[in-house]
2 protein chains.
Amino acid sequence: MNTKHNFGAGPCVLPASVLQQAANAVLNWNNLGLSILEVSHRSSDFENVISKTELLVRELLQVPDHYSILFMQGGASTQFSMLPMNFLKGRGKACYLDTGFFAQKAIREALLFGEANIVNSSADKAYSYIPEDYLVDKDAAYLHCTSNNTIEGTEMFQFPHTSIPLVCDMSSDIFSRVINVEDFDLIYAGAQKNMGPAGMTLVIVKDKFLERIDQVLPAMSDYRIFKEHGSLYNTPPVFSIYVAMLNMTWLKDQGGVTVIEQRNIEKAEMLYTEIDRNSLFYGMAQGKHRSRMNVTFSMYNQQQESSFLDFVEQYGIVGIRGYRTVGGFRASLYNALSIESVIELVKAMRDFEHIYVNLDALHVNSANNG
Amino acid sequence: MNTKHNFGAGPCVLPASVLQQAANAVLNWNNLGLSILEVSHRSSDFENVISKTELLVRELLQVPDHYSILFMQGGASTQFSMLPMNFLKGRGKACYLDTGFFAQKAIREALLFGEANIVNSSADKAYSYIPEDYLVDKDAAYLHCTSNNTIEGTEMFQFPHTSIPLVCDMSSDIFSRVINVEDFDLIYAGAQKNMGPAGMTLVIVKDKFLERIDQVLPAMSDYRIFKEHGSLYNTPPVFSIYVAMLNMTWLKDQGGVTVIEQRNIEKAEMLYTEIDRNSLFYGMAQGKHRSRMNVTFSMYNQQQESSFLDFVEQYGIVGIRGYRTVGGFRASLYNALSIESVIELVKAMRDFEHIYVNLDALHVNSANNG
């Protein structure tokens, strides 16, 4: 079984019980004498999976009836262009909040279909915070924001209230905390953080917002087609949806999003407290914008960083190397990461500090005696 | 384990040994202490998977070096629009050969980006054959064909030789028979037949053909982006690619495409022979165009069809109901379907005939005696 403390940013840790059920289903699913990988997506067995997954999304996030739930492929990167293709094209402009690497990617795709007005940006301080003041153009097709910035380690705890439709990329924090779906017109999220294995994308969209689409689009780029066909216009990513269903069932069994949010707060506080206390490390995101999902931190002495990466291996810790353009460390604390894993990382940081502080003392003593 | 005779049209039967390895990897992959569902797509372990999968494709299909191999998402349906978006838009027209349901879908998507000249169609006879005569416009951006028509049960055994680029949807027969990749400029195929689980799409494209793309496209709709990033522009469908790698390794161990082709010919001949011999059934596709992958057949007395579907259950046979718009039966004989499964279906057809012919004899006797 998975025995490591996996702090990877995604694809990421999944609950052991989910993995066990998934492995069983790969061999013989539901005692059908068939693998989950072999069943038709048109079978009643799989139709049950897709409707149960939809019901779990509705229940866990309290999605009202006038929103549709769609399962797609291609990840958030596909949504970056699909969104403006459906809603911006022919409408002049949309507004974007620029909070980091993935927000930038979304903006670049929007520019292919119209204007993308950047209402504010935290690029001035290496995306270490979430800008809070901005004016939104009332004629814009929508305002797009990114709830959690996986690479920079910042998270939005307050969402804009505007008169124009609000769209949010929630790829890396959906199901990690309570949200009010009615604040949004469209939410999208790649699966590979808190939902399930890579290969599936969730879209939650207000039906009234869909009515704004008035053009002919490629079928696989048309949100209406997915709604009309119950996400079965073509063969969906059967296994990814199935494991997402198992994972959402696990979340429900844990007590749902309210309970997991408290656990996530506890895990993040524990790690940030150690980062702030430890004399070797510092956090990269500004206090109140610090993400609970992706904790970015670094060392005052950058030359120690590779030693620390080697050092944590003996604790069974994997996946904490920072994103290549940012450096330092990133510890991702998704739902399935246990508090024991965080305790282990904190222990490793303390042990490392202990060794280095003693080494320094030794050097001082040697210097004094020399 | 999978114990049924699964004749499903896709997602379809996979080799038992592949399923066993996939299940193991879901629990603990490569003794990493991590599930294959949890590993980063940027890890060297997964990079090895993706390069090994590419090498297997090259080896099994003898793909020359001046072709690129890309792994995408979204299935053939996404390719239906991505192809004309990249190559038809701004170029006036492309040619399409209309051989059935999925060819029609490809044509509908092309019309969003330019003219789609239908060079020939077998719609006149319910798509029961592959048209062989057609004139191709020399100015067209490409000629598109469908090598195997999953729903209608026809297959192309000869491909056009033209001066314009040839593009082929090989979703349902790739890896089932020897092809000459150099005959094509672009080949695409959804994974869920002979490649692996749903959620991955293979594209084999001549590098020179890619050079024709001269416009700015959404990143996830741009073949060049996938080539440039080695299919890792964003998070790929990790598990689908991994299982495809296992499945291609299985195919290589069987002796490769040449060996599997012989086996597929044998399986198809066995079933068609019984269809032609049996007094209750008839084949739906015309002789020389009959598909080796999807055998479509029907009963002279349509009222017996539901009885036959019930009857085969006792043989452990599943997935032979015909496509909803076509009716009758469809037995899919993909690579992983064993000859034992075909023998069992033939046996079921004979037993069924035996019962009905005896019943008829009984009725005749009763009538004579009455």
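Reminder, nothing fancy here: chain letters follow the sequence lines and each chain counts from 1. All heavy atoms count here, side chains included; hydrogens, waters and symmetry mates do not.
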S.K.: To the closest 0.5 Å, what do you measure between CZ (A/Arg321) and OG (B/Ser43)?
M.R.: 12.0 Å

S.K.: Around atom CZ of A/Arg42, are there more than 12 heavy atoms from other residues, nucleotides or ligands closer than 6.0 Å?
M.R.: yes

S.K.: Taking all heavy atoms of A/Glu38 and all of B/Leu14, pick out the closest pair and write down the distance.
M.R.: OE2-N, 2.9 Å

S.K.: Can you tell me how far CE of A/Met220 sits from CD of B/Gln79, rounded to the nearest 0.5 angstrom?
M.R.: 10.0 Å

S.K.: Counting only non-hydrogen atoms closer than 4.5 Å, does A/Arg108 touch chain B with its backbone (N, CA, C, O), its side chain (CB onward), both, or neither?
M.R.: neither

S.K.: Once rounded to the nearest 0.5 Å, what's the spacing between atom NZ of B/Lys4 and atom CG of A/Leu32?
M.R.: 8.0 Å

S.K.: What part of A/Pro236 is in contact with chain B, defined as an atom under 4.5 angstrom from a non-hydrogen atom: side chain, backbone, both or neither?
M.R.: backbone

S.K.: If I compare all heavy atoms of A/Met85 with all of B/Pro218, which pair ends up nearest, and what's the gap?
M.R.: CE-CG, 4.4 Å

S.K.: Pick from B/Val216, B/Leu217, B/Val39: which one has the most heavy-atom pairs with chain A under 4.5 Å?
M.R.: B/Val39

S.K.: Would A/Ser77 and B/Tyr233 count as a side chain to side chain contact (heavy atoms under 4.5 Å, CB included) here? Give the steps.
M.R.: CA-CA 9 Å; A/Ser77 295; B/Tyr233 173 76; 4.3 Å; yes

S.K.: Taking B/Ala22, B/Ser221, B/Gly74 one by one, which has the highest count of heavy-atom pairs under 4.5 Å against chain A?
M.R.: B/Gly74

S.K.: Who among A/Met72, A/Lys105, A/Met82, A/Arg324 has the most heavy-atom pairs with chain B under 4.5 Å?
M.R.: A/Lys105

S.K.: Heavy-atom distance under 4.5 Å to chain B: side chain of A/Leu112, backbone, both or neither?
M.R.: side chain

S.K.: Do you know the tightest heavy-atom contact between A/Thr235 and B/Ala198?
M.R.: CG2-CB, 3.8 Å

S.K.: Which atoms form the tightest heavy-atom contact between A/His41 and B/Pro11, and what is the distance?
M.R.: ND1-CD, 3.4 Å

S.K.: When you look at B/Leu37 and A/Phe239, which way does the side chain to side chain contact (heavy atoms under 4.5 Å, CB included) test go after all the steps?
M.R.: CA-CA 11 Å; B/Leu37 307 183; A/Phe239 185 70; 3.8 Å; yes

S.K.: Among B/Pro84, B/Gly75, B/Cys12, which residue has the highest count of heavy-atom pairs closer than 4.5 Å to chain A?
M.R.: B/Cys12

S.K.: Looking only at heavy atoms and a cut-off of under 4.5 Å, which of A/Pro237, A/Gly199, A/Ala23, A/Ser81 has the most pairs with chain B?
M.R.: A/Ala23

S.K.: Hey, could you give me the OG1/CG distance between B/Thr78 and A/Asn234, rounded to the nearest 0.5 Å?
M.R.: 6.0 Å

